[in-house]
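Here the structure comes first, spelled out in structure tokens, and everything after it is commentary.
Just follow the structure's listing: the first ligand is 1, and inside any ligand the first atom is 1. Residues: numbered from 1 along the sequence shown.
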Amino acid sequence: MKDGKHLTLGIETSCDETAIAVLADGKELLSNVISSQIEIHTVYGGVVPEIASRHHLNNIPFVFKQALDEAEVCLDDIDEIGVTAGPGLAGALLMGTAFAKGLALASGKPLVAVHHIQGHILANLIEHPELQPPFLALVVSGGHTHLVEVRGYDEFKVLGATRDDAVGEAYDKVARVLGLGYPGGPKIDALAKEGDPHAHEFKRVYLEKDSLDFSFSGTKTGVINYLHSEEQRGREVSRADVAASFQQAVVDVLVDKSMEAARLTGYKDLALAGGVACNSSLRHRMAAACRKKGVRLYIPSPVFCTDNGAMIAMAAFHKAREGRFSDLDLDVYPSLDMERELGKLSAGR
Ligand code: KG4
Ligand code: ZN
């Protein structure tokens, strides 16, 4: 039932989640279906791109049907079709965009191409409609670590980015060496609760004065070298202490740089985004730092931090309001550059 509401469909298939949501009037989530492939990829210790694509291909019609059924609407009721066009795995992105184009062609409804990271940031609006640009965002996902100035719903400026590993990537690599399996972030988060965060002083990299860029490969390598050298000496290590100390080092840098960004820009609203925003230590310590500095902190519920269709629907709703539709010749953009393209994605580019 449409009830005069403006309905946005959001389709996300950039990695290992097949996710589709229906959003009403840019604020009321009618459905948010997520089919995760995590268990399938766990066997391989990471996402296998071709397997991910095949599972999207198999799952997407059912995820779509369930999203419409739960929202109690049909395709004809939908006003625009939002889909992630990049960045992400090429084959995985192709599954979502090809499906979205089919829907657009069959229904005559407009297509909206969404930047995945833009979606992660705007996921904050699902539970916090009072949050309005401009504001500051810290994006921490498996592939991205960025401090972003959100100037408008479709206008983003990157203030700092990682020069090597993304935070989630560092978590996943350290977890692998600790023998915790994939995905590593949640496992380190859980194990760290049993360890001493001050047991080891792993490297914190701040780069040049006033730089809002990040670097996590030194911290990651320090942990891996420590584990190897202890192993060679035949010494037992407390994996919980290593997990807690690694997390402490990473969160120190994320909190300090975010507070520095707030100081330099003068923004009083900070939003977290991306899978690593699920991290309990980051959520807790960032909240404490923001309280101290008088900054309002927004963090989505965990289901809206990791990949989901609702965030794509939210971004698509705002792009549609500004008339930023895509044509049916829309391509996919696996390594979509954030500084240049974020929020400016449209057909033929
Ligand atoms: O945003 P996301 O779902 O996918 C990407 O766009 O990359 O983020 C996935 C990343 C993975 O690296 C995963 O290990 C990390 O988020 N992650 C966490 C936690 N939950 C997920 N990292 C640290 N602590 C967590 N609780
Ligand atoms: Zn993501």
Inset, instruction - Report, in ascending order of atom number, the atoms of ligand 1 lying under 4.0 Å from any heavy atom of G168. - result: 12 (O)
Inset, instruction - Please find out if the Zn ion (ligand 2) and some N, O or S atom of H144 are separated by less than 2.8 Å. - result: no
Legend entry - Cationic N near anionic O, under 4.0 Å, E260 to K257: no
Legend entry - Three-point angle H120:NE2, the Zn ion (ligand 2), D307:OD1, rounded to the nearest 10°: 90°
Legend entry - Structural part of H116 in contact with ligand 1, heavy atom criterion under 4.0 angstrom: side chain
Legend entry - Per-residue contact class, H120 against ligand 1 - non-hydrogen pairs under 4.0 Å: side chain
Legend entry - Polar contact flag, side-chain donor to acceptor under 3.5 angstrom, D154-Q118: yes
Legend entry - Geometric class of the H6/F317 ring pair [parallel <30°, tilted 30-60°, perpendicular >60°]: perpendicular
Legend entry - Side-chain donor or acceptor of H200 paired with backbone N/O of A243 under 3.5 Å: no
Legend entry - Validation row: Q247, Y171 side chains within 4.5 angstrom (heavy atoms): yes
Inset, instruction - Return yes if a side-chain donor-acceptor contact under 3.5 Å exists between E127 and Y298, otherwise no. - result: no
Legend entry - Contact partition for D172 relative to ligand 1, non-hydrogen atoms under 4.0 Å: side chain
Inset, instruction - Would you kindly say whether H284 and N279 are connected by a side-chain donor-acceptor distance under 3.5 Å? - result: no
Inset, instruction - Would you mind telling me which of K2, K5, R321, K109 makes a salt bridge (charged side-chain N to carboxylate O under 4.0 Å, His left out) with D79? - result: K2
Legend entry - Identity and distance of the protein heavy atom lying nearest atom 18 (C) of ligand 1: G185 CA, 3.6 Å
Legend entry - Per-atom contacts of ligand 1 with G275, taking only distances under 4.0 Å to non-hydrogen atoms: 1 (O), 2 (P), 8 (O), 16 (O), 17 (N), 18 (C), 19 (C), 20 (N), 21 (C)
Inset, instruction - Please determine if R283 and D189 form a salt bridge, counting it only when a charged side-chain N lies under 4.0 Å from a carboxylate O. - result: no
Legend entry - Heavy-atom nearest neighbour in the protein, as seen from atom 26 (N) of ligand 1, with distance rounded to 0.1 Å: D189 OD2, 2.9 Å
Legend entry - Any N/O pair E17/ligand 1 closer than 3.5 Å: no
Legend entry - Location of contacts on N279 toward ligand 1, heavy atoms closer than 4.0 Å: both
Inset, instruction - Could you find the nearest protein heavy atom to atom 15 (C) of ligand 1 and give me its residue, atom name and distance? - result: V276 CG2, 3.9 Å
Inset, instruction - Please verify whether a non-hydrogen atom of C15 lies at under 4.0 Å from ligand 1. - result: no
Inset, instruction - Can you sort out which atoms of ligand 1 are near G143, meaning under 4.0 Å from one of its heavy atoms? - result: 7 (O)
Legend entry - Atoms in ligand 1 flagged as close to C278, the criterion being non-hydrogen separation under 4.0 Å: 20 (N), 26 (N)
Legend entry - Donor + acceptor pair across side chains of H116, D307 (<3.5 Å): yes
Legend entry - S217 and D165: side chain donor to acceptor below 3.5 Å: no
Inset, instruction - Return the residue, atom name and 0.1 Å-rounded distance of the protein heavy atom closest to atom 2 (P) of ligand 1. - result: D307 OD1, 3.5 Å
Legend entry - Closest protein heavy atom to atom 10 (C) of ligand 1, given as residue, atom name and distance to 0.1 Å: G142 N, 3.5 Å
Legend entry - Under 4.0 Å to a heavy atom of T306 - the qualifying atoms of ligand 1, by number: 3 (O)
Legend entry - Donor-acceptor under 3.5 Å (D327 side chain, D329 main chain): no
Inset, instruction - Please state whether the separation between the Zn ion (ligand 2) and some N/O/S atom of H116 is under 2.8 Å? - result: yes
